[in-house]
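Here is the structure we will look at.
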Amino acid sequence: MRSGRNQVAAMTQAEKTEPENGREKEKEQRGVKRPIVPAAIPEPLQEHIQSDYVIVIHPGSSTLRIGRATDTHPAAIPHVIARRHKQPGQTYSCDKWLLRDGLNKPESNEQRQNGLKMVDQAIWSKKMSNGTRRIPAVPEQARAYNKQMRPAILDHDSGVKWTNTSHNEEYFVGEEALFVNPADRYDIHYPIRRGQLNIHGGPGGSVTAVLTDLEVIWSHVIQKFLEIQLKDLKYYRCILLIPDIYNRQHVKEMVNMILMKIGFSGVIVHQESVCAVYGSGLTSACVVDVGDQKTSICCVEDGISHRNTRLCLAYGGADVTRCFFWLMQRAGFPYRECQLTNTLDCLLLQQLKETYTHLDQDICGLQDHEFQVRHPDSPALLYQMRLGDEKLQAPMALFYPATFGIVGQKMTHLQHRSQGDPEDPHDEHYLLATQSKQDQVRPSITLLRAIHVM
């Protein structure tokens with residue numbers, strides 16, 4: 001009996017001690033400060049971006065390059081638009097291509113001559129690869145020969161037609177815009193000049209008009225050359241290439257146009273120099289980009305375009321073309337009807353420059369060449385001409401820009417600090433202002449702490 005009573009008492013005591021021990025453990029656990037672990041947040045699923053659905057847009061001053069990221073070569077289209085007149089009797093307007101401000105100054109011709117002297121001195125000071133000196137070509141001999149040349153008729157029909165405007169289309173883009181008859185009541189606009197938006201005081205020179213032209217050109221090219229419907233662009237992303245020296249406000253407007261107007265689902269902006277370096281398989285390089293309207297120089301290191309190394313020279317391939325035309329005129333250019341105000345003549349001069357100009361010191365002396373002139377509603381003509389050092393002098397003008405004869409124009413540009421954006425509450429000016437206030441507050445706080453200690 002006693003043993004049974006003892007066992008019951010022991011069991012009762014054990015049952016009493018179990019909850020007491022549990023309470024003590026809970027108290028101990030409560031007293032220990034355990035680290036707070038945040039709730040697990042599921043990681044968002046990373047969407048795989050297919051390269052076929054990425055469109056690269058490189059808007060140049062004369063050429064628009066656009067294509068998928070997987071394309072070996074992009075589509076290259078003249079970056080120009082022809083817009084129909086909205087009112088009858090409206091004055092014809094055509095943006096300049098080879099012509100520019102500062103060419104018809106009284107000092108222009110003298111500056112050209114002085115620049116040409118420096119070019120000739122630089123050419124003659126270099127020896128050819130065989131160690132001999134170059135024999136300068138006599139311009140008078142080429143002039144006497146070229147003045148005697150008359151064109152030969154190849155065909156009474158040149159085979160080149162004006163763009164058909166009988167349906168009164170609102171606009172034409174690319175080569176169709178270049179071949180619009182000036183008598184057909186269309187204005188010609190280049191939305192990009194010298195790497196920036198072509199904003200001016202003439203017709204179509206406002207920011208809204210320029211952005212509208214860009215939207216129409218890019219949308220047309222995407223549909224025609226990439227065969228992508230605009231309603232499907234919500235599945236595509238865009239990479240926009242901008243110049244090394246850019247206008248922040250212009251970039252903002254173009255990004256807004258790409259997202260809100262054209263309808264891409266996303267856009268990323270890259271500088272031309274950085275893309276050129278990575279496209280060449282490098283991470284660091286000095287990039288010299290000679291475009292049609294400008295020449296950009298920039299140093300890229302580890303994929304970063306250093307701001308202090310960016311330089312934009314306000315001359316490029318179009319200035320070389322115009323200089324080559326001036327040199328050919330000095331040599332008696334046989335196509336005497338050629339005018340820089342005629343778009344088709346500008347295309348011909350561009351072709352002659354790309355065909356004949358060079359930087360080869362071993363090519364010297366007079367050489368005979370021939371070229372064809374094919375204009376709408378005119379016979380096909382064959383011209384022969386003789387040229388000497390003009391083919392080398394024209395591209396050498398890039399190193400001696402006085403040869404271009406541009407007077408009173410700013411020829412070099414640097415990257416300046418942003419002027420601020422009233423729609424951005426955290427632009428550069430706000431950051432600088434708040435940073436300066438913080439710098440002023442910190443010394444006062446330190447002084448108060450020192451007084452409190454004393």
Side-chain angles (χ1 to χ4, degrees), residues 59-64 76-83 92-104 108 112 151 158-163 172-184 186-195 198 200 202 204 213 217 290-295 314-331 333-357 369-378 380-381 383 385 387 390-391 393-395 397-398 403-406:
S61 300
S62 66
T63 304
L64 169 66
I77 304 97
H79 207 185
V80 59
I81 185 173
R83 284 193 173 274
Y92 172 72
S93 175
C94 180
D95 291 346
K96 300 176 183 178
W97 181 9
L98 297 183
L99 292 175
R100 58 180 297 172
D101 296 334
L103 294 176
N104 298 322
S108 296
R112 288 192 194 96
S158 64
V160 179
K161 303 295 182 181
W162 293 112
T163 299
F172 292 97
V173 171
E175 288 190 4
E176 291 183 341
L178 295 176
F179 283 88
V180 170
N181 193 331
D184 286 343
Y186 279 80
D187 291 337
I188 309 298
H189 298 298
Y190 292 88
I192 303 291
R193 293 281 88 174
R194 314 203 187 283
N198 186 19
H200 53 84
D213 289 342
I217 295 174
V290 182
D292 185 73
Q293 300 281 321
K294 64 176 180 61
T295 300
Y315 52 83
D319 299 279
V320 175
T321 302
R322 188 183 62 255
C323 180
F324 187 46
F325 176 55
W326 172 66
L327 293 171
M328 289 191 297
Q329 284 183 315
R330 292 176 72 250
F333 188 48
Y335 178 35
R336 296 170 183 85
E337 296 81 9
C338 185
Q339 298 291 332
L340 293 179
T341 54
N342 189 323
T343 303
L344 301 185
D345 287 342
C346 292
L347 290 173
L348 172 64
L349 294 174
Q350 183 89 350
Q351 180 184 358
L352 294 178
K353 179 199 70 173
E354 295 174 355
T355 305
Y356 297 125
T357 58
H369 306 282
E370 62 180 26
F371 62 94
Q372 298 180 13
V373 177
R374 294 180 177 269
H375 287 179
D377 302 332
S378 300
L381 303 178
Y383 287 88
M385 66 176 176
L387 295 176
E390 293 85 5
K391 298 174 292 184
Q393 291 168 339
L398 289 172
T403 315
F404 295 138
I406 304 171

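One is the number of the first residue; the rest follow in order along the sequence.
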(message) For V320 and Y315: C-alpha separation, side-chain torsions, deciding distance, then whether side-chain contact (heavy atoms from CB on, under 4.5 Å) applies.
(response) CA-CA 8 Å; V320 175; Y315 52 83; over 6 Å; no

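- How far NZ of K96 is from CZ of R193: 11.5 Å, rounded to the nearest 0.5 Å.
- Here the options are I188, V80, L347, the test is side-chain contact (heavy atoms from CB on, under 4.5 Å), and the partner is W97; only L347 passes.
- No donor-acceptor distance shorter than 3.5 angstrom exists from the side chain of R83 to the backbone of D187, with no hydrogens or angles considered.
- To the nearest 0.5 Å, the span separating CG on L381 from OG on S158 amounts to 9.0 Å.
- A search for side-chain contact (heavy atoms from CB on, under 4.5 Å) contacts involving T341 returns L99, Q339, not counting sequence neighbours.
- Once rounded to the nearest 0.5 Å, the distance linking CD of E354 with CG of L349 reads 11.5 Å.
- Here the side chains of Y190 and D213 are not in contact, with every heavy-atom distance at 4.5 Å or above.
- Summarising the geometry of L398 relative to G316, their closest heavy-atom pair is CD2-O, 4.2 Å, with the distance given to 0.1 Å.
- Interatomic distance, SG of C338 versus CG of L348, reported as 6.0 Å (0.5 Å rounding).
- Under the rule for a salt bridge (charged side-chain N to carboxylate O under 4.0 Å, His left out), K391 has no partner lying at least two apart in sequence or in another chain.
- Evaluation of the side-chain hydrogen bond (donor to acceptor under 3.5 Å, both in side chains) rule for N342 yields no partner, not counting sequence neighbours.
- Annotation for G195 and S61: closest pair N-OG, 3.2 Å, computed over non-hydrogen atoms.
- Contact record, A314 with R100: O-NH1, 2.8 Å, taken as the closest heavy-atom pair.
- For the pair V180 and W162, the minimum side-chain heavy-atom distance is 4.5 Å or more.
- No donor-acceptor pair closer than 3.5 Å links the side chain of T295 to the backbone N or O of V290.
- Closest heavy-atom contact between P59 and L64: CA-CD1, 3.9 Å.
- Among residues two or more places apart in sequence or in another chain, the side-chain hydrogen bond (donor to acceptor under 3.5 Å, both in side chains) test is passed with K161 by none.
- For the salt bridge (charged side-chain N to carboxylate O under 4.0 Å, His left out) test, residues two or more places apart in sequence or in another chain that qualify with R322 are D319.
- V373 is not listed as a side-chain neighbour of P151, based on a closest heavy-atom distance of 4.5 Å or more.
- In this structure, N198 and H189 have side chains that are not in contact, with every pair of non-hydrogen atoms separated by 4.5 Å or more.
- The shortest side-chain heavy-atom distance between Y186 and I81 does not fall under the 4.5 Å cut-off.
- Shown here are the side-chain hydrogen bond (donor to acceptor under 3.5 Å, both in side chains) partners of Q350, two or more places apart in sequence or in another chain: T321.
- With sequence neighbours excluded, no residue forms a ring-ring contact (aromatic ring centres under 6.0 Å, His included) with F179.
- The two residues R112 and G405 have their closest heavy-atom pair at CG-CA, 3.5 Å.
- The ring-ring contact (aromatic ring centres under 6.0 Å, His included) search around H200 returns none, not counting sequence neighbours.
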(message) Using the rule given for side-chain contact (heavy atoms from CB on, under 4.5 Å), can you reason through E337 versus H375, listing the C-alpha separation, both sets of side-chain angles and the distance that settles it, and then say yes or no?
(response) CA-CA 12 Å; E337 296 81 9; H375 287 179; over 6 Å; no

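- Annotation: side chain to side chain donor-acceptor pair (under 3.5 Å) contacts involving residues 175-184, sequence neighbours excluded, comprise T165-D184.
- The nearest pair of heavy atoms linking P395 to T357 is CD-CB, 4.1 Å.
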Without placing hydrogens or testing angles, list every side-chain donor-acceptor pair under 3.5 Å for residues 323-330, not counting sequence neighbours.
none

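- By the ring-ring contact (aromatic ring centres under 6.0 Å, His included) test, F371 is found to be paired with F333, Y383, residues two or more places apart in sequence or in another chain being considered.
- Between H79 and the choices I192, T63, V173, the side-chain contact (heavy atoms from CB on, under 4.5 Å) rule is met once, by I192.
- With sequence neighbours excluded, the residues satisfying side-chain hydrogen bond (donor to acceptor under 3.5 Å, both in side chains) with Y335 are D345.
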